[in-house]
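The structure under discussion appears below in the form of structure tokens.
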Amino acid sequence: MHTPQQPVLPWASDYHAPVLAEEVLSLLRDKRAVLDGTLGGGGHTLALLERGAMVTALDRDPQAVAAARERLEEHEASGCFRPVLGNYADAHRLPAIAGAHFDGILLDLGVSSHQLDDAVRGFSFREGAPLDMRMGESDESAADVLNGRSERELTRLFREYGDEPRGARLAREVVRRRATRPFATSDDLVGAIRAVLGARSGAPVFARLFQAVRIATNDELALLERALPALRDLLHPGGVLVVIAYHSGEDRIVKDALRDWSAACVCPPRHPICTCRGKPLGHSLTRKPVLASDQETARNARARSAKLRAWQSAA
């Protein structure tokens, strides 16, 4: 008789294994009203609910919201869990959030394990997967990005989002190939990568460059940059913001924002008189990013690139 494999991490499910969950709980340990801006599989939300928090949770992926509602049905029925379909970057504009403030806010950026593993969603470089990569409702798919953006835009995409020094050559190869046959599946992008970076290019290279295309498809960095100050303003005095990033660009945006908010003066250098706010808005709770332990990364490889930063608003 076959016995289903049980999750190996606390609060994990077949949909997703939450990263740095214990660290998140420690930072939000006494927070009653919490906003989880990236619901995903509901792992972090479940952990917070079990610690007694009231959680409002957002996700722009209808499949994620549906899966989490099924998993957390009892908590929703009790009124402790409130799922909302929407983008965390627009949280302050959503009718369900209007006028609300929170003791803690969590963002677990990137994609869920389920999204990566679902070939139909096109997030992975699995053979024959469609180049979709859309997290929610969007007019532009990954295929549209590769087929429609200029060589200059693609160069920037591969260099800045994919940390690829040969980004210009890769962009040129994409433009050359799409002139005869539009990009449609993962095989098309893998073929272009191998043509430029070598036939032995493997999973780490593919993961990095597919991630770059996904970030561009969903405009993830621009949304994060726009969202952070709006989410900060949804915190009660003394509230805590926790962000888990998986990409150097994401982490840089978070680090710069938290540093700016923690500074007493943000006037330009050599400005003769301080004309800014003149006091810090709060302080960082993490001098350096918190990383997953060796034990966690051994059980969940996707935790390897995670970097957690936290900030507390002034009381």
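This structure is a prediction, so every number in the text was calculated from the model and none was measured.
Here the CG-CG distance, from Leu131 to Asp144, works out to 10.0 Å after rounding to the nearest 0.5 Å. The CG atom of Asp132 sits 12.0 Å away from the OG atom of Ser186 when rounded to the nearest 0.5 Å. Taken from OG1 in Thr155 to CZ in Arg159, the straight-line distance is 6.0 Å, to the nearest 0.5 Å. Within the model, atoms CG of Leu20 and OG of Ser26 stand 11.5 Å from one another, a figure rounded to the nearest 0.5 Å. Residue Leu209 holds its CG atom at 7.0 Å from CG of Leu189, rounded to the nearest 0.5 Å.
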Any chance you could lay out the side chain to side chain donor-acceptor pair (under 3.5 Å) test for Ser248 and Asp251, step after step, and finish with the verdict?
CA-CA 5 Å; Ser248 59; Asp251 183 58; over 6 Å; no
Between Glu151 and Arg178, is a salt bridge (Lys or Arg N to Asp or Glu O under 4.0 Å) present by the stated rule, with each step listed?
CA-CA 11 Å; Glu151 183 176 327; Arg178 77 188 188 191; over 6 Å; no
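For the side-chain contact (heavy atoms from CB on, under 4.5 Å) with Leu224, the lone residue among Asp219, Ile215, Ile253, Leu231 that qualifies is Ile253.
By the 4.5 Å heavy-atom criterion applied to side chains, Leu27 and Leu308 are counted as neighbours. Side-chain contact between Leu170 and Ile193 is present, with at least one heavy-atom pair separated by less than 4.5 Å. Inter-residue side-chain proximity for Leu146 and Asp188 is flagged as unmet; no heavy-atom pair is nearer than 4.5 Å. Counting heavy atoms from C-beta on, the side chains of Leu49 and Leu72 come closer than 4.5 Å. Two residues are said to be in side-chain contact when any heavy atoms from C-beta on lie closer than 4.5 Å; Leu58 and Ile97 meet this criterion. Inter-residue side-chain proximity for Val213 and Tyr161 is flagged as unmet; no heavy-atom pair is nearer than 4.5 Å. In this structure, the side chains of Leu46 and His75 come closer than 4.5 Å at one or more pairs of heavy atoms. The shortest distance between side-chain heavy atoms of Tyr88 and Asp59 does not fall below 4.5 Å.
Between Glu296 and Arg304 there is no salt bridge, since none of the side-chain N atoms of the basic residue sits less than 4.0 Å from a carboxylate O of the acidic one. Taking 4.0 Å as the cut-off between side-chain N and carboxylate O, Arg177 and Glu173 count as a salt-bridged pair. By the 4.0 Å N-to-carboxylate-O rule, Lys307 lies too far from Glu250 to be salt-bridged with it. A salt bridge is defined here as a Lys NZ or Arg NE, NH1 or NH2 lying under 4.0 Å from an Asp or Glu carboxylate O, and Asp61 with Arg134 fails to meet this definition.
Gln312 contributes no side-chain N or O that, together with a main-chain N or O of Val240, makes up a donor-acceptor pair within less than 3.5 Å. Looking only at distances, no side-chain donor or acceptor of Ser313 sits under 3.5 Å from a matching main-chain atom of Gly282. Judged by distance alone, the side chain of Asp260 and the main-chain N or O of Ala257 form no donor-acceptor pair under 3.5 Å. In this structure, Ser201 contributes its side chain and Arg194 its backbone to no donor-acceptor pair below 3.5 Å. When atom types are taken as modelled, the side chain of Asp108 and the backbone of Val19 share no donor-acceptor pair closer than 3.5 angstrom.
Nearest approach of Ala227 to Ala89, heavy atoms of both residues: CB-CA, 3.5 Å. Here the closest heavy-atom approach between residue Leu235 and residue His101 is recorded as O-CD2, 4.1 Å. Nearest heavy-atom pair across His247 and Gly249 is ND1-N, 2.8 Å.
Here Arg69 pairs with Glu76 under the side chain to side chain donor-acceptor pair (under 3.5 Å) rule; sequence neighbours left out. With sequence neighbours left out, His283 forms a ring pair (Phe, Tyr, Trp, His ring centres under 6.0 Å) with no residue at all. Contacts of Arg82 classified as side chain to side chain donor-acceptor pair (under 3.5 Å), with partners at least two apart in sequence or in another chain: Thr56.
Classification of the Trp311-Trp261 ring pair by plane angle, with boundaries at 30° and 60°, yields perpendicular.
Note on residues 196-208: pairs passing salt bridge (Lys or Arg N to Asp or Glu O under 4.0 Å), not counting sequence neighbours, are Glu164-Arg208. Legend: side-chain hydrogen bond (donor to acceptor under 3.5 Å, both in side chains) pairs involving residues 27-38, not counting sequence neighbours, sorted by first then second residue: Asp36-Thr45. The side-chain hydrogen bond (donor to acceptor under 3.5 Å, both in side chains) pairs that include a residue from residues 90-99 are Asp90-Arg93, Asp90-Arg226, where partners are two or more places apart or lie in different chains.
A donor atom on one side chain and an acceptor atom on the other are not found under 3.5 Å apart for Thr297 and Asp294.
Cluster annotation: Val205 is connected to Leu157 through the hydrophobic network of ILVMFWY side chains, with a link wherever side-chain heavy atoms come within less than 4.5 Å. Phe102 and Met54 are members of different hydrophobic clusters when ILVMFWY side chains are connected at heavy-atom separations under 4.5 Å. Val243 is not connected to Leu291 by any chain of hydrophobic side-chain contacts under 4.5 Å among Ile, Leu, Val, Met, Phe, Trp and Tyr, and they are in different clusters.
Other residues, nucleotides and ligands contribute more than 12 heavy atoms inside 6.0 Å of the CD atom of Glu153. With a 6.0 Å radius and a threshold of 12 heavy atoms from other residues, nucleotides or ligands, Glu73 has its CD atom at or below the threshold.
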